[in-house]
Number of protein chains: 2
Amino acid sequence: MDLLASNPLILKLEQFTRLSFEEKQLLNVAASEGVRQIGPRGDIIREGDRPQTLNIVLSGWACRYKHLEDGRRQIISLVLPGDFCDSHVFVLRQMDHSIGSLTPVTYAQLPRRRVEEMTAKHPRLSQAFLWDALVNAAIQREWTVSLGQRHALERMAHLMCEIFLRLRGVGQTEGNSCDLPLTQAGMADAMGLSVVHVNRTLQELRAMKLIVLKGRTLTIPDIAALQDAAQFNPNYLHLDAEGRHLDAND
Amino acid sequence: MDLLASNPLILKLEQFTRLSFEEKQLLNVAASEGVRQIGPRGDIIREGDRPQTLNIVLSGWACRYKHLEDGRRQIISLVLPGDFCDSHVFVLRQMDHSIGSLTPVTYAQLPRRRVEEMTAKHPRLSQAFLWDALVNAAIQREWTVSLGQRHALERMAHLMCEIFLRLRGVGQTEGNSCDLPLTQAGMADAMGLSVVHVNRTLQELRAMKLIVLKGRTLTIPDIAALQDAAQFNPNYLHLDAEGRHLDAND
DNA sequence: CTAGGTGAATTACATAGGTTAAGACTGCAT
DNA sequence: ATGCAGTCTTAACCTATGTAATTCACCTAG
């Protein structure tokens, strides 16, 4: 079944735990109902909104972001295929940030009740969702470290390592290449740098043969070398979770 | 009952929802078993550890932090009285960061089983824990914004606003003053600045009459003014959660 | 009361990264 | 074809912040 193999949410969660056929089917149905599309610079959710649905990105890139009053913008995190837009916000009163599309995005809108049914009936799913939320928290912490301590070159290199590994987890890499639909302005907003300096830094990374970046395609000739330059330690992505080996009944 | 009123965990959670007497009692018992103490610069948990307990800070300040290979250190977040050290890490293989004490710290160690019992029997407690985890995620996002976009002065001002409000939520402020046991080196590690620049910035904040900082005591003469300087919007702390008004059976 | 350690303050100087501006390239819409 | 709009690139210049080093003021252990 094609969908089963290509649903990024399933691919992502299976890095952590093996899902039963039924669970996968459930996720697939969920990801095929209420599917929406949005163009490249739209908002999926806005600060202040109070979503009553859970949105899952199926294809394309989005980001969490926040504006300051004077126009400065920080991209808080990247929302890649398979990622939730608003995990568990049902508890909170309103969104404290916005989620915008960076490319055309396809996403599924799950009504709240549907999510609750799924997790109630399938503890392994709610376990997997929890794992996902915890990994996202870890990623956010790592961005804190990047923004606080790493210099521009390390920071950019670190970002690319992270993107590559996250995309690989959802089957969106080919060899040592992947999509990178972020503009330099986007990278600047994500890494707290100016566009000019992002450009300088990319040139430097290219000169060091650490990356090849043509159009929207990123190639990493030597991942180990890039990781070194970034002081990148993949432990925070928790790709080695034990759940994976606990049981395998599908 | 004195303990009931001074347990910072209860005070914190009650900002979000009203707890029943039984629930509070449960939290109190939890917070009085397995109590540990640690001096000012110790580690409560280390990167790589695999904690089988849930640690709750009862008094004193701690922080999550991470070292880079060359000695740079980033404080990722502050762990204040009433905060969990390791919410839900049972799912993950190992700690991807350390938690260290900034002052002498008293904390309770809850065995995993105990936590699971509590949340299983008291859905409102697990709801409250979830709220807490979500607020922590929001705080982490706000730090990302601070580190990425705010200049030193705004950044420091923002930190002080946040600390003050968080402490007020657990009854640790007096008027417009609170404890601030962070050294300037600590603030530097938290805000991604050098010690010298932290000092300069503090002088500036003092000259602007935005803060009074003597010894370990911070006073904020005019909170609105400080918030302005920081572009501080408290919405991310979600102190207005609706759960608070839903029911009140205690 | 003295030594050594820690935190704060300040100065002089260095630099990573920001700002502004302008040109070149791209793709798309008319 | 033409023209606009977004993106990338580069250059010249500027500044917020970092680095190094010194002094002072505590505090605590002997």
Side-chain angles (χ1 to χ4, degrees), chain A residues 39-42 61 68 70-75 100-104 146-159 179-208 211-218 229, chain B residues 39-42 61 68 70-75 100-104 146-159 179-208 211-218 229:
Chain A
R41 285 143 191 251
W61 286 32
L68 299 191
D70 54 3
R72 282 174 283 175
R73 172 171 105 130
Q74 177 67 34
I75 291 182
S101 55
L102 294 164
T103 67
S146 272
L147 290 169
Q149 300 299 329
R150 288 191 248 263
H151 294 172
L153 191 108
E154 305 167 299
R155 216 185 283 181
M156 294 291 295
H158 199 280
L159 178 68
D179 235 36
L180 187 67
L182 263 183
T183 66
Q184 293 186 2
M187 299 183 208
D189 286 348
M191 300 318 260
L193 299 167
S194 68
V195 189
V196 174
H197 203 61
V198 164
N199 188 285
R200 284 196 274 250
T201 309
L202 286 177
Q203 304 301 353
E204 204 180 337
L205 284 167
R206 286 195 256 244
M208 295 167 78
I211 64 166
V212 179
L213 185 55
K214 275 185 211 147
R216 324 256 84 148
T217 301
L218 167 70
Chain B
R41 283 141 193 251
W61 286 33
L68 298 191
D70 53 5
R72 282 175 282 177
R73 170 170 106 130
Q74 177 67 33
I75 291 182
S101 56
L102 295 165
T103 66
S146 272
L147 290 169
Q149 300 299 329
R150 289 192 248 261
H151 294 173
L153 190 105
E154 304 167 299
R155 215 184 284 180
M156 294 290 295
H158 199 281
L159 177 68
D179 234 38
L180 186 66
L182 263 182
T183 66
Q184 293 186 1
M187 299 184 208
D189 286 347
M191 299 317 262
L193 298 168
S194 68
V195 192
V196 174
H197 204 59
V198 164
N199 188 286
R200 281 196 275 250
T201 307
L202 286 177
Q203 303 301 353
E204 205 179 337
L205 284 167
R206 286 196 256 243
M208 296 168 77
I211 63 167
V212 178
L213 186 55
K214 273 186 215 145
R216 323 256 83 149
T217 301
L218 168 70

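The sequence lines fix the lettering, A, B, ..., with proteins before strands; numbering per chain opens at 1. The figures that follow rest on heavy atoms only: side chains count, while hydrogens, waters and symmetry mates do not.
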State, with a plain yes or no, whether a side-chain heavy atom of [X] is found less than 4.5 Å away from one of [Y].
X        : Y        : value
B:Thr103 : B:Arg216 : no
B:Arg206 : B:Val212 : no
B:Gln74  : B:Leu147 : yes

Inset, instruction - With sequence neighbours left out, write down each residue that passes side-chain contact (heavy atoms from CB on, under 4.5 Å) with B:Asp179, or none if nothing qualifies. - result: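 Here the qualifying residues are B:Pro181.
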
Inset, instruction - Check side-chain contact (heavy atoms from CB on, under 4.5 Å) between A:Arg73 and all other residues, then give those that pass, not counting sequence neighbours. - result: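 So A:Arg73 forms a side-chain contact (heavy atoms from CB on, under 4.5 Å) with A:Tyr65, A:His67, A:Ile75, A:Asp189.
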
Inset, instruction - For nucleotides 4-9 of chain C, just jot down a letter per nucleotide in 5' to 3' order: B, S or -, based on protein non-hydrogen atoms under 4.0 Å. - result: --SSSB

All N/O contacts under 3.5 Å from nucleotides 23-26 of chain C to the protein, with atom names and distances to one decimal?
none

Legend entry - Between C:dG18 (P) and A:Asp189 (CG): distance, integer Å: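 It is 12 Å, rounded to the nearest whole Å.
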
Inset, instruction - Using whole Å, report how far CZ of A:Arg200 lies from C1' of C:dT20. - result: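 Distance check: A:Arg200 CZ to C:dT20 C1' gives 12 Å.
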
With a 3.5 Å distance limit and no angle check, can you tell me whether [X] reaches the backbone of [Y] through a side-chain donor-acceptor pair?
X        : Y        : value
A:Arg155 : A:Met191 : yes
A:Glu154 : A:Ala229 : no
A:Ser101 : A:Gly39  : yes

Inset, instruction - Starting at CG of A:Leu159, measure out to CG of A:Leu218 and round the result to the nearest 0.5 Å. - result: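 Going from the CG atom of A:Leu159 to the CG atom of A:Leu218 covers 9.5 Å.
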
Inset, instruction - Taking heavy atoms of chain B and a 4.0 Å limit, find me the 5'-most and 3'-most nucleotide of DNA chain D within that range. - result: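 Range of nucleotides within reach of chain B: D:dT17 to D:dA20.
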
Legend entry - Closest contact, heavy atoms only, A:Ser194 versus A:Ala188: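 Smallest heavy-atom distance, with atoms named: C-CB, 3.8 Å.
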
Inset, instruction - Remember a base hit wins even if backbone is also touched, and classify A:Gly192 as base, sugar-phosphate or nothing at under 4.0 Å, heavy atoms. - result: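 Sugar-phosphate only.
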
Inset, instruction - Enumerate the residues from residues 148-156 of chain A whose closest heavy atom to DNA chain C is under 4.0 Å, giving them by residue number; use none for an empty result. - result: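 A:His151, A:Ala152 - these, ordered by number, are the residues of the stretch whose heavy atoms sit under 4.0 Å from the strand.
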
Legend entry - Derivation of the side-chain contact (heavy atoms from CB on, under 4.5 Å) call for B:Arg200 and B:Val195: CA-CA 9 Å; B:Arg200 281 196 275 250; B:Val195 192; over 6 Å; no

Inset, instruction - Could you go through the side-chain contact (heavy atoms from CB on, under 4.5 Å) check for B:Leu202 and B:Met187 one step at a time? - result: CA-CA 10 Å; B:Leu202 286 177; B:Met187 299 184 208; 4.1 Å; yes

Inset, instruction - Before giving the answer on side-chain contact (heavy atoms from CB on, under 4.5 Å), spell out for B:Met208 and B:Leu153 the whole-Å C-alpha distance, their side-chain angles and the decisive distance to 0.1 Å. - result: CA-CA 11 Å; B:Met208 296 168 77; B:Leu153 190 105; 4.1 Å; yes

